[in-house]
S.K.: 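Structure in C-alpha cells, see below.
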Amino acid sequence: MTQHSDKSPGPEELRERVERTRAELGRTVQALAAKADVKARAREKAAEAGRHASRTVGELKAQGVQLARDNRTVLLVAAGVVLVTWLALRRKG
C-alpha cells in the first residue's frame with residue numbers, strides 16, 4: 001500500500017483537479033471555436049451595424065421633426081415663396 005505524504009495529493013483531490021482542468025479545457029475549446037466561426041462573427045457585426053443604423057436614423061428623424069416644429073413659420077414662408085415663384089414662372093412660360 002502506498003503512503004501519502006502531506007505534500008502529495010490524495011486520489012479525491014486528484015479527481016477534483018482533473019475535473020477542474022477538463023472544465024477549463026472545455027471553456028477554452030468553446031472560446032476558440034467561437035473565434036474560428038468567421039461567418040457567425042460577421043453576422044453578429046452586420047446585425048450590430050444594422051441596430052446602430054436604425055438608432056441613428058431614428059434619432060435624426062426625431063431631430064428633423066423637432067427642427068420643423070421649432071421653425072414652422074420659417075418653413076411656411078419658404079414654402080409660400082417657392083409656390084409664388086413657381087406660379088410666376090409657370091405664367092411666363
Side-chain angles (χ1 to χ4, degrees):
M1 208 166 164
T2 306
Q3 289 184 339
H4 297 288
S5 68
D6 290 341
K7 292 184 180 181
S8 64
E12 189 59 35
E13 185 178 344
L14 289 174
R15 282 188 202 94
E16 289 174 8
R17 285 183 185 178
V18 167
E19 287 304 315
R20 281 194 304 268
T21 303
R22 283 182 182 158
E24 286 177 25
L25 182 59
R27 288 190 297 272
T28 302
V29 168
Q30 285 177 337
L32 289 173
K35 282 188 174 189
D37 191 354
V38 175
K39 285 183 182 180
R41 291 175 65 197
R43 280 192 298 267
E44 179 56 35
K45 287 285 185 183
E48 183 180 325
R51 288 189 298 269
H52 178 70
S54 293
R55 281 193 307 268
T56 302
V57 167
E59 290 169 4
L60 289 174
K61 182 179 175 184
Q63 288 175 356
V65 168
Q66 188 61 43
L67 185 63
R69 285 183 181 146
D70 292 346
N71 297 297
R72 186 176 301 168
T73 304
V74 173
L75 289 173
L76 290 173
V77 168
V81 168
V82 168
L83 180 63
V84 169
T85 304
W86 178 72
L87 289 172
L89 290 174
R90 190 171 157 213
R91 281 191 172 177
K92 286 183 181 183

S.K.: Show me the donor-acceptor pairs within less than 3.5 Å that the side chains of residues 28-47 make with the rest of the protein, sequence neighbours left out.
M.R.:
from	atom 1	to	atom 2	distance (Å)
T28	OG1	E24	O	2.9
D37	OD1	A40	N	3.3
R41	NH1	K35	O	3.0
E44	OE2	R51	NH2	3.2

S.K.: Please tabulate, for the side chains in residues 52-69, all donor-acceptor contacts under 3.5 angstrom to protein atoms that are two or more places apart in sequence or on a different chain.
M.R.:
from	atom 1	to	atom 2	distance (Å)
S54	OG	G50	O	3.1
T56	OG1	H52	O	2.9
Q66	NE2	D70	OD1	2.9

S.K.: Just list the side-chain donor-acceptor pairs under 3.5 Å for residues 11-18, sequence neighbours left out, or say none.
M.R.:
from	atom 1	to	atom 2	distance (Å)
E12	OE1	R15	NH1	3.4
E13	OE2	R17	NH2	3.0

S.K.: In the hydrophobic cluster built from side-chain contacts under 4.5 Å, what are the other members alongside V84?
M.R.: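 Noted: V84 shares its cluster with no other residue.
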
S.K.: Tell me who clusters with L76, hydrophobic residues only, linked when side chains sit under 4.5 Å apart either directly or through other members.
M.R.: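 Besides L76, the hydrophobic cluster comprises nothing; the residue is isolated.
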
S.K.: Which Ile, Leu, Val, Met, Phe, Trp or Tyr residues join W86 in one cluster when any pair of side-chain heavy atoms under 4.5 Å counts as a link?
M.R.: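 Same cluster as W86: L83, L87.
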
